[in-house]
Amino acid sequence: MSIHIITGDGMILKGRIKFIADMTPECNILSDIGTDHAYIPIYLVKNERCRKAIACDIREGPVAVANRHIKQFGLEGRIETRLGSGLKPISEEEMDVCVIAGMGGVLIREILAEDIEKAKLAKTLVIQPMNCIETVREWLYGNGFDIYDEGLINEGFRIYNVIVARWTGNTVSKDEFYYHIGEKLIEKKDPLLKRYIQRRLDIINKVLSEMKAMKDPDFYVIDQHKKMREELCLLLEKID
């Protein structure tokens, strides 16, 4: 478990959740979509990183848990919980900084696409997909959002990406490679990038091995994976 709640006044976050909180800028209103336990809103409000927060979830159970934690820290006056899907519980006037974390990339893309006008109003979107991150990057670039920061965090046996984006109206089409490996990670020389690439290569090699063993392999998909492997290897050689 990456989070530890300390009874009383303090809260300690660790791992992925702490990294998401660290990547979240100071703001007036924080909206946490799919809040689960409301750890991020509580931590940011307690540390005066945001004035107030809205903790949203589509399920009643997590909202009930969030309410208990909010009450535990005496933050009922500064953190509000709402039940609903995606950005729907958030009004346009409340779209300041929005965290969408701990979901699949396809679901995150759907949430943003369903309420794109609201998403455009956010000063900052902090996004942490559990998978299919290339889907999220491609959608953001193709719909006028700029990924102006990104980082990697290792937790357990996985490395997670956290994307920080905002709408500029400038739609961009990138090389397929940069949907899979974020440009900001390369620019920043993220300390985990080398390990992240090596893990991606392990996955690609496993997929290629399985596809070659198939009776009727899809050679186009095989070629795409081989191309990605070559580009990853070239990037790996450039990393100190």
Side-chain angles (χ1 to χ4, degrees), residues 1-4 11-27 30-37 39-44 47 49-50 53 96-109 111-112 119 122-141 143 145-168 172 174-203 228 231-232 235-236 238-240:
M1 188 74 175
S2 62
I3 303 119
H4 301 276
M11 168 182 274
I12 296 174
L13 296 184
K14 294 183 178 180
R16 178 179 63 92
I17 299 297
K18 175 64 162 58
F19 192 65
I20 295 167
D22 288 344
M23 294 282 283
T24 303
E26 292 186 10
C27 61
L30 171 79
S31 298
D32 186 23
I33 309 304
T35 194
D36 204 7
H37 297 82
Y39 290 133
I40 291 174
I42 292 169
Y43 180 83
L44 294 177
N47 287 278
R49 297 267 303 281
C50 63
D96 186 4
V97 170
C98 184
V99 173
I100 310 176
M103 309 175 201
V106 173
L107 178 56
I108 290 174
R109 181 189 65 188
I111 287 171
L112 293 170
K123 292 177 184 175
T124 307
L125 296 171
V126 181
I127 302 168
Q128 186 270 301
M130 300 299 279
N131 53 43
C132 299
I133 192 165
E134 66 279 1
T135 299
V136 177
R137 288 199 193 96
E138 185 173 6
W139 187 91
L140 289 169
Y141 284 128
N143 286 276
F145 291 83
D146 174 44
I147 297 174
Y148 67 90
D149 197 8
E150 185 171 347
L152 297 170
I153 179 69
N154 186 75
E155 183 177 83
F157 297 103
R158 292 188 62 178
I159 295 177
Y160 299 95
N161 301 66
V162 178
I163 288 172
V164 186
R166 61 183 163 224
W167 188 73
T168 63
V172 179
K174 299 278 186 179
D175 184 282
E176 182 74 19
F177 179 76
Y178 294 112
Y179 297 142
H180 290 265
I181 303 294
E183 285 182 292
K184 289 298 174 184
L185 299 175
I186 300 169
E187 289 176 16
K188 290 170 59 176
K189 298 181 179 179
D190 191 287
L192 286 173
L193 181 57
K194 188 172 184 178
R195 197 188 310 177
Y196 181 67
I197 292 170
Q198 287 171 333
R199 290 189 183 183
R200 293 297 296 263
L201 284 170
D202 289 342
I203 292 169
M228 181 62 65
E231 293 184 0
L232 287 171
L235 178 56
L236 199 58
K238 296 176 183 177
I239 299 173
D240 297 330

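All figures in this text were calculated on a predicted structure; none of them were measured in a lab.
Using a 4.5 Å heavy-atom threshold, the side chains of I40 and T35 count as separate. Counting heavy atoms from C-beta outward, Y148 and T124 have side chains that approach closer than 4.5 Å. A heavy-atom distance below 4.5 Å is found between the side chains of I181 and Y196. Residues M228 and R200 have side chains not in contact (no heavy-atom distance under 4.5 Å, counting atoms from C-beta outward). Here the side chains of L140 and I127 are in contact, with some heavy-atom distance below 4.5 Å. Counting only heavy atoms from C-beta outward, the side chains of D22 and L13 never approach each other to under 4.5 Å. Taking 4.5 Å as the limit, every side-chain heavy atom of I17 sits out of range of all side-chain heavy atoms of H37. At least one side-chain heavy atom of R16 sits under 4.5 Å from a side-chain heavy atom of I20.
Remark: E183 pairs with K174 by the side-chain hydrogen bond (donor to acceptor under 3.5 Å, both in side chains) rule, at least two apart or across chains. Evaluation of the salt bridge (Lys or Arg N to Asp or Glu O under 4.0 Å) rule for D146 yields no partner, not counting sequence neighbours. Applying the side-chain hydrogen bond (donor to acceptor under 3.5 Å, both in side chains) rule to R166 yields no partners; only residues at least two apart in sequence or on another chain are considered. With sequence neighbours excluded, the residues satisfying salt bridge (Lys or Arg N to Asp or Glu O under 4.0 Å) with D149 are K188. Scanning for salt bridge (Lys or Arg N to Asp or Glu O under 4.0 Å) contacts around D190 gives an empty result, with sequence neighbours left out. Under the salt bridge (Lys or Arg N to Asp or Glu O under 4.0 Å) criterion, K189 pairs with no residue, sequence neighbours left out.
Under the side chain to side chain contact (heavy atoms under 4.5 Å, CB included) test applied with V126, the options I100, L30, V162 reduce to a single match, V162.
Across every non-hydrogen atom of W167 and N143, the tightest pair is NE1-O, 3.2 Å. The nearest pair of heavy atoms linking L192 to L152 is CD1-O, 3.5 Å. Nearest approach of M103 to I33, heavy atoms of both residues: CE-O, 3.3 Å. Between T135 and R109, the shortest heavy-atom contact is CG2-NH1, 3.1 Å. Residue P129 comes nearest to V136 through the heavy atom pair CG-CG2, 4.0 Å, listed as atom of the first residue, atom of the second, then distance. Nearest heavy atoms, L235 versus F177: CD2-CZ, 3.8 Å.
The structure places CZ of F19 at 9.0 Å from CG of N161, a figure rounded to the nearest 0.5 Å. The CG atom of L112 sits 4.5 Å away from atom CH2 of W139, with the distance rounded to the nearest 0.5 Å. For the atom pair CD of E150 and CD1 of I186, the computed distance is 9.5 Å after rounding to the nearest 0.5 Å. Distance check: Q128 CD to I108 CD1 gives 7.0 Å after rounding to the nearest 0.5 Å. For the atom pair CG (L193) and NZ (K238), the distance works out to 12.0 Å, reported to the nearest 0.5 Å. Remark: I111 CD1 to L125 CG distance equals 11.5 Å, nearest 0.5 Å.
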Task: I153 vs M23, side-chain contact (heavy atoms from CB on, under 4.5 Å): CA-CA, chis, key distance, verdict - done: CA-CA 11 Å; I153 179 69; M23 294 282 283; over 6 Å; no
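In this structure, Y160 places its OH atom where more than 12 heavy-atom neighbours from other residues, nucleotides or ligands lie under 6.0 Å away.
Ring geometry, Y179 versus Y141: the interplanar angle falls from 30° to 60°, so the pair is classed tilted.
Remark: R137 does not engage E134 in a salt bridge, criterion side-chain N to carboxylate O under 4.0 Å.
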